[in-house]
Amino acid sequence: MRITVPGGAPEHDPERTDLSDPHFYATGDPHAVWRHYRHKAPVTRLAVPGGRTYVSVTTHAETSTVLRDHARYTSRRGNMLSVLGEQDPAADRMMVASDPPVHGYLRRPVAQALSARELAARRPAVRRMARLLLEPLTGGEPWDLAAAMTAFPMMFTGALMGLPEADWPELTRLTTIAIAPADPSSRDDSGGHQLVSAHHELFDYFAEVAAARTPRQDLIGLLQQLTVADRTIRLDEVIYNCYNVLLGANVTAPHVIATTVSAFLEHPEQYRRLLDGDATVASAVEEGLRWASPATHAMRYATEDTRLGGEPVRAGEAVVAWLGSANRDESVFDEPYRFDVARTPNRHLAFGFGPHYCVGAPLARIALAEFFTEVTELVERFEPAGPVEHLASNFIAGIKHLPVTARLR
Ligand code: HEM
């Protein structure tokens, strides 16, 4: 997704733009559309092709209200616009598709294992991985940073889950198809979508891994030993939650890195401020998260008739909270379209909000901070080295290709 500063004449009529169209995000300008709705109709009904509608929410306040209130806005029918109108087979079996109390049984132990305190000892290992990944930059040739970054999450999540290194590239490929089935890179040789087969392959993979293992001291072992209410977790629940953790990690963190470096290319003075110590790596990471907002939205369903931002919402309606829009809300962020590595406060919603707030956030923050610390030790200045390409996905605001070179320190 392009990161733009809306203003002047819009490229396209916002009210005629289909925000559910994945292809729009490969070349279009959703920020201009979101801004239009934030100002004109922050809570409004939009339609997808075929006529089905959803309630679109573009402000920070209403997004927070929806995500906070699991009783009024359920997650049990999936959180992605691409499954609008469908029942989610993972309902009450996968963390992100469940409500309390089931959600708590699945989430609490995982949250504990992924807490900043538990992960602190892994920082040096993550740093070594970052150094390894950045190695090609020292050769001086143009290097596709975005493509290279897709390998990063498996280096920490794959290790935490105890998955063999040989499987990491294929798992990365399958998770990308799962969230961006419409992207040309997700098509098979005959041009068909690979979504269903990617899902099957991932589920079969985790079924085999879980069935073959007696629980070990890793994240999969932890899931295998969970108690849900008064019974032991079932195999299907283990599989769904392995899938949830893997997907959550793989499809997000690389885009924060690529989008942040892309912002450094456009605003070299911001990178300079980081090198000069005018901003910490931690605050630059938070701004990178806000700027990139890799998960564009989170969907919920209203469980009862209610009102949101003064608008009626009917029981059973889908509600799509646009995180990318909330993160540019002028009433919360001072000059929201300014990339500012020292921004404080920075109450972004890139990790969501409320009970489903990203359980991997501490891990993502550690990985991003270690990565950018390594970058600041190595790189004096990034230079663009070719055209940027964006992912065709309405769920993940992603960069597929970002060729760069670097002047080293
Ligand atoms: C920059 C990186 C990341 C971003 C921007 C991000 C974003 C998000 C968002 C927005 C949600 C909330 C979805 C909703 O409310 O429906 C979420 C949930 C989740 N994320 Fe992340 N995520 C990131 C990294 C990770 C990592 C590294 C992991 C795994 C280790 C992970 C695993 C999960 C899981 C399992 C959930 C579901 C939590 C729940 O339902 O309670 N994420 N993430």
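Counting starts at 1 for both ligands and their atoms, following the listed order.
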Completion exercise
At under 4.0 Å between heavy atoms, what of His70 touches ligand 1? The answer is neither
Handout entry: Atoms of ligand 1, numbered as shown, that sit under 4.0 Å from any heavy atom of Met95
Key = 38 (C), 39 (C), 40 (O), 41 (O)
Exercise for the section: Look at atom 13 (C) of ligand 1 and say which protein heavy atom is nearest, naming residue and atom and giving the distance to 0.1 Å. Expected result: Asn79 ND2, 3.7 Å
Completion exercise
atom 12 (C) of ligand 1 sits nearest the protein heavy atom His356 O, 3.4 Å
Practice task
Pull out every atom of ligand 1 sitting under 4.0 Å from any heavy atom of Ala350, numbered as shown with elements.
Solution key: 5 (C), 7 (C), 10 (C)
Problem - Under 3.5 Å side-chain donor-acceptor pair for Ser283 and Arg343 - result: no
Exercise for the section: May I ask whether Leu289 has any heavy atom positioned less than 4.0 angstrom from an atom of ligand 1? Expected result: yes
Handout entry: Sub-4.0 Å heavy-atom approach of Val256 to ligand 1
Key = yes
Problem - Geometric cation-pi criterion Arg93 and Tyr240, 6.0 Å radius, 45° cone - result: no
Problem - Residues Ser56 and Trp322: side-chain donor-acceptor under 3.5 angstrom - result: yes
Exercise for the section: May I ask you to establish whether Arg290 and Phe333 are in a cation-pi arrangement, using a distance under 6.0 Å from NZ or CZ to the six-membered ring centre and at most 45° from the ring axis? Expected result: yes
Handout entry: is_close_aromatic(Phe395, His297), centroid dist under 6.0 Å
Key = yes
Completion exercise
the protein heavy atom lying closest to atom 15 (O) of ligand 1 turns out to be Arg300 NH2, 2.7 Å
Exercise for the section: Decide yes or no for Asp18 and Pro49: does some side-chain heavy atom of the first lie under 4.5 Å from some side-chain heavy atom of the second? Expected result: yes
Fill in the blank from the handout: Near atom 21 (Fe) of ligand 1 (protein N/O/S, cut-off 2.8 Å, waters excluded) we have Cys358 SG
Extract all donor-acceptor atom pairs below 3.5 Å that involve side chains of residues 99-109 and protein atoms in other chains or at least two apart in sequence.
residue, atom, partner, partner atom, Å
Asp99, OD1, Thr74, OG1, 3.4
Asp99, OD1, Ser75, N, 3.1
Asp99, OD2, Thr74, OG1, 2.5
His103, NE2, His356, ND1, 3.3
Arg107, NH1, Pro355, O, 3.4
Arg107, NH1, Tyr357, O, 2.6
Arg107, NH2, Tyr357, O, 2.9

Handout entry: Which segment of Leu323 sits under 4.0 Å of ligand 1 when only heavy atoms are counted
Key = side chain
Fill in the blank from the handout: Looking at Asn244, Val245, Ile257, Leu363, the heavy atom closest to atom 29 (C) of ligand 1 belongs to Val245
Completion exercise
At under 4.0 Å between heavy atoms, what of Pro355 touches ligand 1? The answer is backbone
Exercise for the section: Please state which part of Val96 comes within less than 4.0 Å of ligand 1, counting heavy atoms only: side chain, backbone, both or neither. Expected result: both
Practice task
Return yes when Ser75 approaches ligand 1 closer than 4.0 angstrom through a heavy atom, no otherwise.
Solution key: no
Practice task
Run the ring-centre check on Phe206 versus Tyr243 and record whether the distance is less than 6.0 Å.
Solution key: no
Exercise for the section: Under 4.0 Å, heavy atoms only, figure out whether ligand 1 is touched by the backbone of His103, its side chain, both or neither. Expected result: side chain
Can you give me every donor-acceptor pair (side chain of residues 170-182, partner residue at least two apart or in another chain, under 3.5 Å) with its distance?
residue, atom, partner, partner atom, Å
Glu170, OE1, Arg173, NE, 3.0
Glu170, OE2, Arg173, NH2, 3.0
Thr172, OG1, Trp168, O, 2.9
Thr175, OG1, Leu171, O, 2.9
Thr175, OG1, Thr172, O, 2.9
Thr175, OG1, Asn250, ND2, 3.1
Thr176, OG1, Thr172, O, 3.1

Exercise for the section: Check the side chains of Asn327 and His348 for a donor-acceptor pair under 3.5 angstrom, ignoring hydrogens and angles. Expected result: no
Handout entry: Parallel, tilted or perpendicular: ring planes of Phe152 versus Phe371, cut at 30 and 60 degrees
Key = tilted
Practice task
Report yes or no: do Gln112 and Ser115 form a side-chain donor-acceptor pair below 3.5 Å?
Solution key: no
Exercise for the section: Could you list the residues that satisfy side-chain contact (heavy atoms from CB on, under 4.5 Å) with Pro142, not counting sequence neighbours? Expected result: Ala385, Thr405
Handout entry: Sub-4.0 Å heavy-atom contact, Met299 with ligand 1
Key = no
